[in-house]
Amino acid sequence: MTHASLRDRIRGSLVAGAIGDALGYPVEFMSLSAIRRAYGPDGITRFDTSPRWTDHDHKAVFSDDTQMTLFTAEGVLNAHRSGSNHLDAIRMAYLEWLITQSAGHSPRPSRGSLSDVAALNVRRAPGNTCLTALQSIWHGHEPDNNSKGCGGVMRVAPIALLAAAGHLDVQQATLLAAYAAKLTHLHPLGYIPAALMAHVLYHLATSEAPTRQQLIEAIERACAAVEAY
């Protein structure tokens, strides 16, 4: 695989994730029947550009899922550049994200570059589990919850992409994704899916033109790997 094509895959994963997030953000907490009443029988098929779901430039906005994905990316990149522990760097990046959700009332750790991006300094329905767990970490306590929500798995794609770029092996990425999710979601069903997701994404990102069959095979390999870990 050429360097350019790998870079395109990495960018494509992050951009496509943000696009899907922005498309689904307006209907995140709606039932299927409510979605159909609001958007028609096919559901939401294009960006909702009504004022509630756009920014001051009338662009569709993404949710906290993309915000935390980008802070995950910053964490792993900071670790890669400095040679520091990946999980520690991700933890610090998540505390940076927490500050963006807190109106800056608390003292800041060393700031990362994403902290100055306007679109990341707004609250977009952040998950209560993520907020309370990170607040515990901020105050020097271990989080104490039994959450199996999606707030862990939804943000770990950059870990798989770092591995696809050759900076981690697939086992390291799989385990790091689980530990990164477990920073906030302590139920096994909150962090094991993150491991599986990273494993699958790694195989797709390192395939030239993944087919449906390759996706199925990647999922099967991921299930076996996660069970073994």
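Counting only distance, with no hydrogens or angles, the side chain of Asp88 and the backbone of Ser84 share no donor-acceptor pair below 3.5 Å. In terms of modelled atom types and a separation under 3.5 Å, the side chain of His139 and the main chain of His141 share no donor-acceptor contact. The backbone N or O of Val122 lies less than 3.5 Å from a partner atom in the side chain of Gln101, making a donor-acceptor pair. The backbone N or O of Ala224 sits nowhere less than 3.5 Å from a side-chain atom of Glu227 that would complete a donor-acceptor pair. Gln214 contributes a side-chain N or O that, together with a main-chain N or O of Thr211, makes up a donor-acceptor pair within less than 3.5 Å. In terms of modelled atom types and a separation under 3.5 Å, the side chain of Thr66 and the main chain of Phe62 share no donor-acceptor contact. Checking side-chain atoms of Asn145 against main-chain N and O of Thr129 turns up no donor-acceptor pair under 3.5 Å.
Put simply, the side chain of Leu14 reaches to within 4.5 Å of the side chain of Pro158, judged on heavy atoms. Taking the side chain as every heavy atom from C-beta outward, Leu95 and Met92 approach each other to under 4.5 Å. Side-chain contact between Thr132 and Gln135 is present, with at least one heavy-atom pair separated by less than 4.5 Å. Residues Ile90 and Ile159 are in side-chain contact: their nearest non-hydrogen atoms beyond the backbone lie under 4.5 Å apart. Arg36 has its side chain out of reach of Ser33: every pair of non-hydrogen atoms, C-beta onward, lies at least 4.5 Å apart. Residues Ile99 and Trp138 meet the side-chain proximity criterion, which asks for heavy atoms closer than 4.5 Å. Between Thr54 and Lys59, the closest side-chain pair of non-hydrogen atoms is not below 4.5 Å.
Each of Val15 and Ile10 belongs to its own hydrophobic cluster when Ile, Leu, Val, Met, Phe, Trp and Tyr are linked at side-chain heavy-atom distances under 4.5 angstrom. When hydrophobic clusters are built by joining Ile, Leu, Val, Met, Phe, Trp and Tyr residues whose side-chain heavy atoms come closer than 4.5 Å, directly or via intermediates, Leu77 is not grouped with Leu6. Linking ILVMFWY side-chain heavy atoms closer than 4.5 Å, directly or via other members, places Val61 and Met68 in two distinct hydrophobic clusters. Both Met197 and Leu87 belong to a common hydrophobic cluster when Ile, Leu, Val, Met, Phe, Trp and Tyr are linked at side-chain heavy-atom distances under 4.5 angstrom. Using a 4.5 Å cut-off between side-chain heavy atoms of Ile, Leu, Val, Met, Phe, Trp and Tyr, with links allowed through other members, Leu186 and Val226 fall into different hydrophobic clusters.
Side chains of Ser63 and Asp21: a donor-acceptor N/O pair is present below 3.5 angstrom, by distance only.
Among residue pairs with one or both ends in residues 142-155, none qualify as salt bridge (Lys or Arg N to Asp or Glu O under 4.0 Å); sequence neighbours excluded.
For Thr45, there are no side chain to side chain donor-acceptor pair (under 3.5 Å) partners, not counting sequence neighbours. In terms of the side chain to side chain donor-acceptor pair (under 3.5 Å) criterion, residue partners of Tyr39 (sequence neighbours excluded) are, by chain and number, Asp48. By the side chain to side chain donor-acceptor pair (under 3.5 Å) test, Ser13 is found to be paired with no residue, residues two or more places apart in sequence or in another chain being considered. Partners of Gln213 under the side chain to side chain donor-acceptor pair (under 3.5 Å) rule, at least two apart in sequence or in another chain, are Glu217.
Nearest heavy-atom pair, Ala205 versus Ala164, reported as atom, atom and distance to 0.1 Å: CB-CB, 3.8 Å.
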Would Leu175 and Gln171 satisfy side-chain contact (heavy atoms from CB on, under 4.5 Å), going step by step from the backbone distance to the final call? CA-CA 6 Å; Leu175 294 174; Gln171 178 175 350; 4.0 Å; yes
Can you list the steps and then say if Val153 with Ile192 is a side-chain contact (heavy atoms from CB on, under 4.5 Å)? CA-CA 8 Å; Val153 66; Ile192 290 176; over 6 Å; no
Let me see the working for Asp64 and Trp97 under side-chain contact (heavy atoms from CB on, under 4.5 Å), right down to the final yes or no. CA-CA 9 Å; Asp64 62 310; Trp97 171 81; 4.2 Å; yes
Could you walk me through whether Tyr94 and Thr184 pass the side-chain hydrogen bond (donor to acceptor under 3.5 Å, both in side chains) test, one step at a time? CA-CA 10 Å; Tyr94 290 166; Thr184 57; over 6 Å; no
Run Leu183 and Tyr191 through side-chain contact (heavy atoms from CB on, under 4.5 Å) and show every step you take. CA-CA 9 Å; Leu183 288 172; Tyr191 59 82; over 6 Å; no
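By the 6.0 Å contact criterion, CZ on Phe47 is enclosed, its count of non-hydrogen atoms from other residues, nucleotides or ligands being greater than 12.
In this structure, Tyr25 and Trp53 have perpendicular ring planes: the angle between them is above 60°, well past the 30° mark.
Side-chain heavy-atom separations under 4.5 angstrom define the hydrophobic clusters, and the remaining members of the one that includes Val170 are Tyr202.
Between the SG atom of Cys150 and the NE2 atom of His185 there is a distance of 7.0 Å, given to the nearest 0.5 Å.
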